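Because the structure is predicted, anything quoted here is derived from the model rather than measured.
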Amino acid sequence: MLINSNKANVKNIKRKSIGTHFSMCVQPAFIIGTNNEDGTYNFAPITWVSVTNEKDNDYLLVVSMFGTKRTKQNVIRTGKLSVNLVSKDMLELMDYFGTHHAKDDSKDKFSYNVCRGEVLDVPILDASRWIYECEVIKSVDTGESTTFFCKIMNIQVDENIMLRDIFDVDLTKLDPVIYSGMYHSIGKLLGEIGDFSR
């Protein structure tokens, strides 16, 4: 069915059905920081991260984790985590965390600096340009996955990043890694809402 064909000059794409087992989803990459039972820190890359609105301008960070990884168990046990945005200059560190598991070694063969959160006692990565300090207020299990709804207790951001309002974040300055089976980056700022509908 052709709807509103005269409203915009947009190229029609020919598509094909490919089944339901592909899970392509454009996702920002984060490294989750948690505390182990012995007081040491643990980091793991997680890309199933989003937000939802709770009320007014209060947002919950939504973080989903699959399986039985130590990071997931730490979040269940403590209810606290740091969510460290991965920029391109952190890609080697993210890849290291993703290919070395806590059960196999202590993940200390790669040099990186860690400090503690300003509001919560969670480990954070000095290299990250945008960090959430979070407390879990609700969790939902779906099969082997657990989704954590997290109250944002503090946000730390690179002091060189200028912010005008809550939606004005130039991602090209944060230079985030985007994951969808492979690593990608953001090319350029295209414009604001309303720039293309005049």
Side-chain angles (χ1 to χ4, degrees), residues 23 25-87 90 93-94 97-98 102 107 112-171 173-179 186 193:
S23 61
C25 187
V26 178
Q27 305 164 109
F30 291 91
I31 295 174
I32 306 299
T34 59
N35 295 312
N36 293 320
E37 288 187 86
D38 63 1
T40 59
Y41 51 78
N42 184 69
F43 290 102
I46 299 290
T47 58
W48 294 353
V49 177
S50 186
V51 294
T52 189
N53 182 249
E54 185 179 22
K55 62 179 179 179
D56 301 325
N57 287 330
D58 291 333
Y59 292 86
L60 297 178
L61 207 65
V62 183
V63 182
S64 292
M65 299 184 200
F66 179 79
T68 59
K69 57 177 62 78
R70 180 178 293 179
T71 297
K72 178 178 171 181
Q73 298 307 313
N74 285 345
V75 174
I76 291 171
R77 180 175 49 80
T78 68
K80 297 180 177 66
L81 63 155
S82 70
V83 183
N84 304 260
L85 181 68
V86 176
S87 52
M90 295 173 63
L93 180 60
M94 177 185 172
F97 285 144
K107 292 189 182 181
Y112 55 94
N113 293 322
V114 178
C115 59
R116 307 305 294 183
E118 291 184 356
V119 173
L120 297 178
D121 183 22
V122 290
I124 62 175
L125 292 167
D126 281 353
S128 181
R129 300 175 186 177
W130 187 288
I131 299 165
Y132 298 98
E133 299 175 44
C134 295
E135 280 188 348
V136 176
I137 63 168
K138 179 181 180 180
S139 63
V140 177
D141 291 324
T142 308
E144 294 184 58
S145 294
T146 301
T147 299
F148 302 100
F149 293 83
C150 307
K151 184 174 181 62
I152 300 169
M153 305 302 292
N154 189 38
I155 300 174
Q156 295 187 42
V157 61
D158 183 338
E159 62 183 12
N160 294 312
I161 303 295
M162 302 301 294
L163 305 171
R164 287 183 301 182
D165 59 54
I166 61 173
F167 295 112
D168 177 34
V169 180
D170 184 349
L171 294 183
K173 302 296 184 187
L174 290 172
D175 202 18
V177 171
I178 305 300
Y179 182 78
I186 290 178
I193 294 175

Contacts of type side chain to side chain contact (heavy atoms under 4.5 Å, CB included), residue Asn160, not counting sequence neighbours = Asp158
Name all residues meeting the side-chain hydrogen bond (donor to acceptor under 3.5 Å, both in side chains) criterion together with Ser128; count only those two or more places apart in sequence or in a different chain, and write none if there are none.
-> none
Start with the C-alpha gap between Val62 and Phe148, add the side-chain angles, then the distance that decides, and say whether side-chain contact (heavy atoms from CB on, under 4.5 Å) holds.
-> CA-CA 6 Å; Val62 183; Phe148 302 100; over 6 Å; no
Please identify each residue that fulfils side chain to side chain contact (heavy atoms under 4.5 Å, CB included) with Leu171, with sequence neighbours left out.
-> Val169, Leu174, Pro176, Ile186
Please list, chain by chain and in numerical order, all residues satisfying side-chain hydrogen bond (donor to acceptor under 3.5 Å, both in side chains) with Asn74, sequence neighbours excluded.
-> Thr34, Asn36, Arg77
Just jot down the side chain to side chain contact (heavy atoms under 4.5 Å, CB included) partners of Val114, sequence neighbours excluded, or say none.
-> Tyr41, Phe43, Tyr112, Pro123, Leu125
Pairing residues for Gln156 by the side-chain hydrogen bond (donor to acceptor under 3.5 Å, both in side chains) criterion, not counting sequence neighbours = Glu133
Take Thr147 and Ser139 through the side-chain contact (heavy atoms from CB on, under 4.5 Å) test and state the conclusion after the steps.
-> CA-CA 5 Å; Thr147 299; Ser139 63; over 6 Å; no
Ser64 and Ile46 have their tightest heavy-atom pair at O-CG2, 3.5 Å
Would you please name every residue forming a salt bridge (Lys or Arg N to Asp or Glu O under 4.0 Å) with Asp121, sequence neighbours left out?
-> Arg116
List in chain and number order the residues that pass side-chain hydrogen bond (donor to acceptor under 3.5 Å, both in side chains) with Asp141, two or more places apart in sequence or in another chain; answer none if no residue qualifies.
-> Thr146
Listed by chain and number, what are the side chain to side chain contact (heavy atoms under 4.5 Å, CB included) partners of Lys80, not counting sequence neighbours?
-> Thr78, Leu120, Val122, Glu135
Test side-chain contact (heavy atoms from CB on, under 4.5 Å) applied to Val49 and Leu61, step by step | CA-CA 7 Å; Val49 177; Leu61 207 65; 4.2 Å; yes
In Å and rounded to the nearest 0.5 Å, what is the NZ to CG distance from Lys138 to Leu60?
-> 10.0 Å
Would you list the pairs meeting side-chain hydrogen bond (donor to acceptor under 3.5 Å, both in side chains) in which at least one residue belongs to residues 44-54, sequence neighbours left out?
-> Gln27-Trp48
